[in-house]
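Take a look at the structure below.
Since the model is a prediction, treat every value here as computed from it, not as a measurement.
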Amino acid sequence: MILLLLKLLLVTAVCCAPGKGTDLDLPPVASERLLQGWIGPEALLVRLDKLLDVCIANYEDLSTDLLLGVAIANGQVKSILSTSNPKNRAFIESLQRKCDYVESRIDSIFTFPSAANAIVSKLLINSNFWQSFDDEDDIPLRLPEPEAMNHRRPHGRHPPSTLRDYLRLLEVGAPSEEQSDMCLSELLVNDSENEFNASLSRAGKEPPIFKPLLLSQGCSAAMSMRKKSFGYHLTHKLLFYLILGKQRFSNIEEDYVANAKGRLCQEILRESRLIAELNFPEMFRDLFMEQVFLCSYAGFVEFRNQSWISEVVGWQNANGCFKYYYQDGVEQYDGDSAIRAVCSTHMSGVGAALLGLFAKLQF
């Protein structure tokens with residue numbers, strides 16, 4: 001018990017350190033829960049609101065990474081409003097309006113997208129795509145036991161157990177960022193051709209006619225479950241299967257997608273636990289946040305870890321953003337726009353998605 005108290009005090013001290021911790025206005029109950037190591041949905045939404053204020057103040061300089069995170073968060077906020085009856089409904093509705101405004105920025109960035117990354121950004125920065133329509137979408141799942149996954153590990157590819165191992169393996173596997181964009185665009189364009197609309201389907205309209213998925217040879221190889229991946233390669237692969245699970249193709253079975261997501265999150269869990277054991281080195285924080293979000297969104301309870309989300313919340317700075325820092329405490333500056341002086345835009349985008357998702361799960 002004493003060790004636990006000391007740890008909580010240490011986390012609180014780190015979270016409130018100048019320049020790196022949080023300095024956000026919280027309701028009294030939310031503040032008390034934070035001190036107890038539990039962060040309720042109210043506190044999470046207040047933090048999301050703070051981050052949205054930064055986005056609104058820098059509307060013209062928003063990156064697609066940040067817009068995607070806000071669109072995902074907006075989907076969670078819409079889910080809260082449609083599937084529950086929160087006491088602070090007026091605040092949550094104002095939060096949705098802020099999200100809608102920030103999300104609308106994508107319309108002026110890409111009018112007629114052509115490149116793969118532009119197509120992916122245009123089609124995925126859409127809160128309706130990420131919204132849950134009923135509680136069944138959030139039924140918690142448990143990862144399968146390693147023995148039950150029925151797959152062999154490629155020769156010489158063992159799970160990392162040290163920082164040195166992990167750094168060495170981070171470049172291993174596929175897809176690359178470019179491959180990820182290309183393969184996601186193939187999924188999404190196929191979906192457009194299928195004229196599949198989740199909202200119409202759920203509303204009781206005529207069921208759509210699904211066409212087969214036609215994936216290029218390069219994407220089939222990059223997304224193969226037989227190819228071992230680590231780090232961002234692994235999370236990009238999981239994102240592909242998450243999107244695949246949202247589409248409906250006549251030649252793709254639901255069990256196949258579910259099995260793939262389980263196997264990938266089993267691998268990701270090993271990495272997340274290693275990062276936690278290493279005391280969350282700054283260089284891995286963005287990756288850790290991506291791991292926790294994607295596998296939590298996939299439904300796996302092993303990632304819905306209150307100590308992990310408490311740790312992540314402690315990385316939000318007084319501006320409301322998530323940001324990398326030099327080891328000596330000097331802030332990094334990773335761009336020429338004003339928002340990049342206070343935010344790491346990809347990290348803040350993942351942070352927005354995480355805050356929205358965990359708030360929705362707790363409602």
Side-chain angles (χ1 to χ4, degrees), residues 7 11 140-177 179-180 183 221-245 255-315 322 324 346-347 350-351 353-354 357-358 361:
K7 183 176 180 181
V11 169
L141 306 173
R142 288 205 170 274
L143 288 170
E145 294 298 324
E147 302 80 25
M149 289 193 293
N150 193 29
H151 71 287
R152 294 185 177 182
R153 187 176 304 282
H155 177 70
R157 300 301 186 199
H158 302 287
S161 58
T162 66
L163 175 60
R164 182 178 180 180
D165 288 343
Y166 197 35
L167 289 171
R168 179 174 55 84
L169 292 172
L170 280 179
E171 298 302 317
V172 171
S176 65
E177 186 172 354
Q179 286 175 320
S180 180
C183 299
M223 298 302 173
S224 171
M225 293 299 296
R226 294 187 295 272
K227 181 170 292 187
K228 189 65 177 170
S229 301
F230 296 91
Y232 287 108
H233 298 296
L234 188 53
T235 56
H236 287 171
K237 185 177 290 187
L238 174 59
L239 178 61
F240 175 87
Y241 282 94
L242 283 173
I243 303 302
L244 179 60
D255 287 348
Y256 168 75
V257 177
N259 182 57
K261 290 189 291 188
R263 287 171 55 180
L264 292 169
C265 283
Q266 189 75 60
E267 299 292 336
I268 289 172
L269 184 61
R270 295 190 182 101
E271 297 189 18
S272 298
R273 286 174 171 168
L274 175 61
I275 292 172
E277 289 169 5
L278 294 170
N279 198 27
F280 306 99
E282 187 182 35
M283 66 185 299
F284 297 138
R285 288 182 179 181
D286 178 89
L287 173 59
F288 179 80
M289 291 167 67
E290 194 167 295
Q291 293 169 341
V292 171
F293 167 73
L294 288 171
C295 287
S296 294
Y297 187 85
F300 296 110
V301 295
E302 290 84 353
F303 291 86
R304 300 179 181 184
N305 184 321
Q306 273 296 322
S307 64
W308 283 1
I309 193 63
S310 297
E311 179 71 29
V312 169
V313 165
W315 302 338
F322 295 84
Y324 289 113
H346 181 272
M347 194 176 188
V350 181
L354 260 177
L357 176 64
F358 274 80
L361 293 174

F284 and F288: CA distance, side-chain angles, deciding distance, ring pair (Phe, Tyr, Trp, His ring centres under 6.0 Å) verdict: CA-CA 6 Å; F284 297 138; F288 179 80; over 10 Å; no

Given side chains that start at C-beta, do those of [X] and [Y] come closer than 4.5 Å, heavy atoms only?
X	Y	result
N259	Y256	no
L141	K261	no
T235	F293	no
R142	V301	yes
E277	L274	yes
F303	I268	yes
L294	L264	no
R270	F230	no

List the atom of [X], the atom of [Y], and the distance in Å for their closest heavy-atom pair.
X	Y	answer
I275	P281	O-CD, 3.7 Å
A174	S229	O-OG, 2.6 Å
L242	A298	CD2-CB, 3.8 Å
P175	H236	CG-CB, 3.9 Å
M223	S180	CE-CA, 4.3 Å
D286	H346	OD1-ND1, 2.8 Å

Partners passing side-chain hydrogen bond (donor to acceptor under 3.5 Å, both in side chains) against E271 (at least two apart in sequence or in another chain):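 Result, side-chain hydrogen bond (donor to acceptor under 3.5 Å, both in side chains) vs E271: Y166, Q291.
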
What's the spacing between [X] [atom1] and [Y] [atom2] if we round to 0.5 Å?
X	Y	atom1	atom2	result
D165	L170	CG	CG	10.5 Å
W308	E302	CH2	CD	9.0 Å
M347	E282	CE	CD	7.0 Å
E311	N305	CD	CG	10.5 Å
L238	I243	CG	CD1	9.5 Å

All pairs passing disulfide (SG to SG under 2.5 Å) where residues 256-286 contributes a residue, at least two apart: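 Found C265-C295.
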
Y241 six-ring face occupied by K237 cation (under 6.0 Å, within 45°):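 Not satisfied by the 6.0 Å and 45° rule.
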
Backbone N/O of F280 and side chain of R285: donor-acceptor pair under 3.5 Å: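 A pair under 3.5 Å: yes.
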
Polar side-chain atom of E267 near backbone of L234 as donor-acceptor pair, under 3.5 Å: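 No; judged by distance alone, with no hydrogens or angles, the pair does not exist.
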
Residues V312, L354; criterion side chain to side chain contact (heavy atoms under 4.5 Å, CB included); working and verdict: CA-CA 9 Å; V312 169; L354 260 177; 4.0 Å; yes

